[in-house]
Every structure is written in structure tokens, then in C-alpha cells.
Amino acid sequence: MSAALLQADVRRERRFYLSLALPALLLVGVAAMLPVFWIIRQSFLNLGGNVTMANYDQVIASGLTWSALGTTLALSASTLAICILIGVPLALTLASTSTRIANRVLILIMLPLWTSILVRTYGWLVLLRRDGLVNASLQSLGLTDAPLPLVYNFNGTLIGMVHYMLPLFVLPVYAAMRDIDTNLIRAAASMGASLWHCVQTVVLPLSVGGILSDSTIVFIYTLGFFITPAVLGGGKVNPISIRIDRTLSTFQDWGSASALGVLLLILVLLAGAVLYGIRWSLTKVGRHA
């Protein structure tokens with residue numbers, strides 16, 4: 001069979017599978033895009049239903065909006081940084097151990113995913129408050145003289161967000177590292193490469209695609225976090241999601257809240273584009289190398 005016929009068969013097979021997935025894609029697309037279009041439309045309407053740019057003028061001119069934007073970016077970036085610092089070494093350790101041990105550890109990592117985020121968040125509230133288990137343990141060990149402010153602030157919110165996102169980061173990175181051919185690592189070691197040199201020149205370059213993909217998921221996902229900042233922030237940590245909720249619950253201003261939602265959507269698209277560009281650049285550099 002010629003190469004042209006093989007390519008035609010491949011294209012025909014792709015069209016067949018796409019036709020099978022098309023109804024589900026249309027359903028998901030409509031269900032996802034209709035609310036977005038409604039929010040965009042609502043952001044250009046005032047309380048009387050007239051088209052106006054006043055909602056955007058009000059949102060952009062407000063210092064609270066830029067403060068919420070800074071808090072949102074700080075929380076997402078800090079969560080991503082901690083997930084990378086903890087998750088990459090953890091995934092590397094799991095990939096280096098036997099499958100039996102790795103599977104048992106993965107069960108412990110996945111346990112938080114089997115619990116509601118609301119339950120986990122209130123669990124951290126119980127642990128981190130001034131009379132909670134963490135402060136009581138620190139004081140009983142003589143490490144602190146007074147309770148530490150571990151909750152109702154940025155740090156407490158960050159702890160809850162990292163706890164939620166870390167399993168989602170570790171599992172795909174572990175899968176990417178597990179798929180690396182161990183013969184490549186043995187070959188590097190046989191040429192005199194140290195353990196760190198093997199990790200730096202073999203493992204990380206081959207798993208950088210998975211790390212960047214997971215980084216994109218973590219960063220974009222945390223941009224819209226609401227429950228964790230609302231509970232562990234105690235009203236002192238106000239990302240854009242909290243700002244939207246207060247605009248609706250306090251002022252019943254759908255126009256301004258929708259404008260904030262559009263701002264959050266733009267932020268998500270920009271973050272996704274930047275992270276995708278970084279991944280594409282690193283992939284291109286790796287191919288040329």
C-alpha cells in the first residue's frame with residue numbers, strides 16, 4: 001500500500017472518530033459558551049437594560065478591582081510555585097521507586113480528592129485557628145509562646161489552595177516521568193553523569209511538557225477559586241471571585257459583576273496564552289537541541 005493511501009486511511013479514521021465525538025463536543029460547547037455570552041452581554045447593560053460602557057468604567061476606575069486582581073495573581077502564582085517545589089521532587093521520587101510502593105503513596109496523595117472541597121477547607125480552619133491543633137502542638141513543644149496567625153489571612157488561604165491543587169499537579173507529572181525510558185538514565189549514568197546531572201539533563205527535559213501542562217491547569221484553575229479564600233481568608237483576602245460575589249450580594253449590580261467576570265475571563269485567556277507560549281518555546285528549543 002502506498003504512502004498516499006495510508007495517509008488517506010489515517011484521515012478517514014480521524015474523521016470517523018471526530019464524527020463520533022461531535023455530538024458531545026457540540027453539547028459541551030453550547031453549555032459552556034452560552035453562559036459566557038450571557039455574561040458578556042450583561043456587562044454592557046445598565047440597571048435599565050440600556051447598552052453602556054459605564055460598568056467597565058466603574059470597574060476599571062475602582063482601586064478595589066486592581067487590589068483584587070493583584071491578590072488573585074499572587075495567590076495563583078504562589079500556589080503554582082509551591083506545587084512545583086513540592087510536586088516535582090515528589091513525582092520524581094515516586095517514579096524512581098517500585099510500582100508497589102508508588103501505588104500505595106499515590107493512594108495517600110489521592111485521598112484529599114475523595115473529600116469535598118468545603119469539608120477540606122473547614123478542616124483546615126479547625127486545624128489552623130488560634131486554638132487549633134497546629135498552634136496547640138507548636139505551643140506544647142515550646143516552639144512558640146503565643147498562637148500564630150495561621151488563618152484568616154493570605155498564608156492560611158494559600159495552605160488550603162496548595163492542599164487542593166497539589167494532588168492534581170503530582171499525578172500527571174508522575175505519569176510523565178514514569179513514561180521516561182529508564183535506559184536513557186542508565187546510559188547517562190554509565191557515561192559518568194551524577195544523579196543530579198541525570199535529573200537535569202534527562203528527566204526534566206523529557207518531562208517538561210507534562211510539568212508545563214500541569215502548571216497551566218493549576219494557575220488557571222486557581223484564578224477562579226472562591227470557597228477557600230472565602231472560608232480561610234475570613235474577609236481579609238479578596239480575589240476577584242470574592243469581589244464578584246460581594247458586588248452581587250451587596251449591591252445586586254449584575255452589570256458590574258458581569259464586567260468583573262469578563263475581566264477574570266480575559267485574565268484566564270492571557271495566562272493560558274502565556275503559559276502555552278512558554279511551553280511551545282521550550283518544546284521548539286528541545287527539538288532543535
Side-chain angles (χ1 to χ4, degrees), residues 75-129 131-141 143-144 148 150-182 185 195-196 198-200 202-204 206-233 237:
L75 282 172
S76 297
S78 300
T79 302
L80 174 58
I82 295 175
C83 284
I84 291 176
L85 291 175
I86 298 177
V88 172
L90 179 57
L92 179 60
T93 302
L94 292 176
S96 303
T97 60
S98 64
T99 304
R100 181 175 59 86
I101 297 176
N103 289 338
R104 292 180 178 179
V105 177
L106 285 174
I107 292 175
L108 297 178
I109 295 175
M110 293 173 61
L111 280 177
L113 299 179
W114 302 342
T115 309
S116 167
I117 183 175
L118 188 61
V119 174
R120 277 179 281 170
T121 303
Y122 275 104
W124 277 113
L125 182 63
V126 172
L127 290 173
L128 298 176
R129 63 187 183 183
D131 58 345
L133 180 62
V134 174
N135 271 314
S137 300
L138 291 175
Q139 288 180 276
S140 63
L141 294 173
L143 299 177
T144 58
L148 298 177
L150 300 176
V151 75
Y152 299 141
N153 51 33
F154 185 91
N155 294 331
T157 304
L158 183 60
I159 291 172
M161 292 176 65
V162 170
H163 179 244
Y164 182 83
M165 296 306 305
L166 187 58
L168 300 179
F169 182 86
V170 170
L171 295 178
V173 174
Y174 162 74
M177 291 183 175
R178 198 77 180 185
D179 289 339
I180 296 175
D181 189 355
T182 55
I185 302 175
L195 176 60
W196 168 244
C198 289
V199 172
Q200 186 180 10
V202 178
V203 177
L204 291 181
L206 292 177
S207 58
V208 68
I211 295 173
L212 286 175
S213 298
D214 297 335
S215 298
T216 303
I217 294 173
V218 170
F219 189 82
I220 292 179
Y221 198 95
T222 52
L223 287 174
F225 255 45
F226 174 77
I227 294 178
T228 304
V231 175
L232 297 179
V237 179

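Please read all numbers here as calculations on a predicted model, not as lab measurements. Just so you know, these numbers use all the heavy atoms, side chains as well, and skip hydrogens, waters and symmetry mates. Residues take their numbers from the sequence shown, with the count starting at 1.
Taking CG from Leu232 and CZ from Arg129, the interatomic distance works out to 12.5 Å, rounded to the nearest 0.5 Å. Taken to the nearest 0.5 Å, the CG atom of Leu206 stands 11.0 Å off from the CG atom of Asp179. Separation of atoms CD1 (Ile227) and CG (Leu118) is listed at 5.5 Å; rounding is to 0.5 Å. Met161 contributes atom CE, which lies 9.0 Å from atom CD1 of Ile117 (distance to the nearest 0.5 angstrom).
With sequence neighbours left out, the side chain to side chain contact (heavy atoms under 4.5 Å, CB included) criterion links Leu141 to Leu143. For Leu133, the side chain to side chain contact (heavy atoms under 4.5 Å, CB included) test picks out Leu127, Ser137, with sequence neighbours left out. For Leu223, the side chain to side chain contact (heavy atoms under 4.5 Å, CB included) partners at least two apart in sequence or on another chain are Thr72, Leu73, Ser76, Phe219, Leu264, Leu267, Val268, Ala271. Evaluation of the side chain to side chain donor-acceptor pair (under 3.5 Å) rule for Gln200 yields Trp196 as partners, not counting sequence neighbours. Residues passing the ring pair (Phe, Tyr, Trp, His ring centres under 6.0 Å) test with Phe225, sequence neighbours excluded: Tyr164, Tyr221. Taking Leu150 as the reference, Leu128, Val134, Asn135, Leu148 meet the side chain to side chain contact (heavy atoms under 4.5 Å, CB included) condition, with sequence neighbours excluded.
Looking at heavy atoms from C-beta onward, Ile217 lies out of side-chain contact with Leu168 at the 4.5 angstrom threshold. Using a 4.5 Å cut-off on side-chain heavy atoms (C-beta onward), Val218 and Ile84 make no contact. Contact check for Thr222 versus Leu80: no side-chain heavy atoms found under the 4.5 Å cut-off. With contacts defined as side-chain heavy-atom distances shorter than 4.5 Å, the pair Thr79/Leu158 qualifies. A heavy-atom distance below 4.5 Å is not found between the side chains of Leu75 and Thr228.
Residues in residues 86-102 take part in these side chain to side chain donor-acceptor pair (under 3.5 Å) pairs, two or more places apart or across chains: Thr99-Arg178. Within the structure, side chain to side chain donor-acceptor pair (under 3.5 Å) pairs that include any residue of residues 117-128 comprise Trp124-His163 (at least two apart or interchain).
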| Criterion side-chain contact (heavy atoms from CB on, under 4.5 Å) on Val173 and Leu90, from CA distance to verdict | CA-CA 9 Å; Val173 174; Leu90 179 57; over 6 Å; no
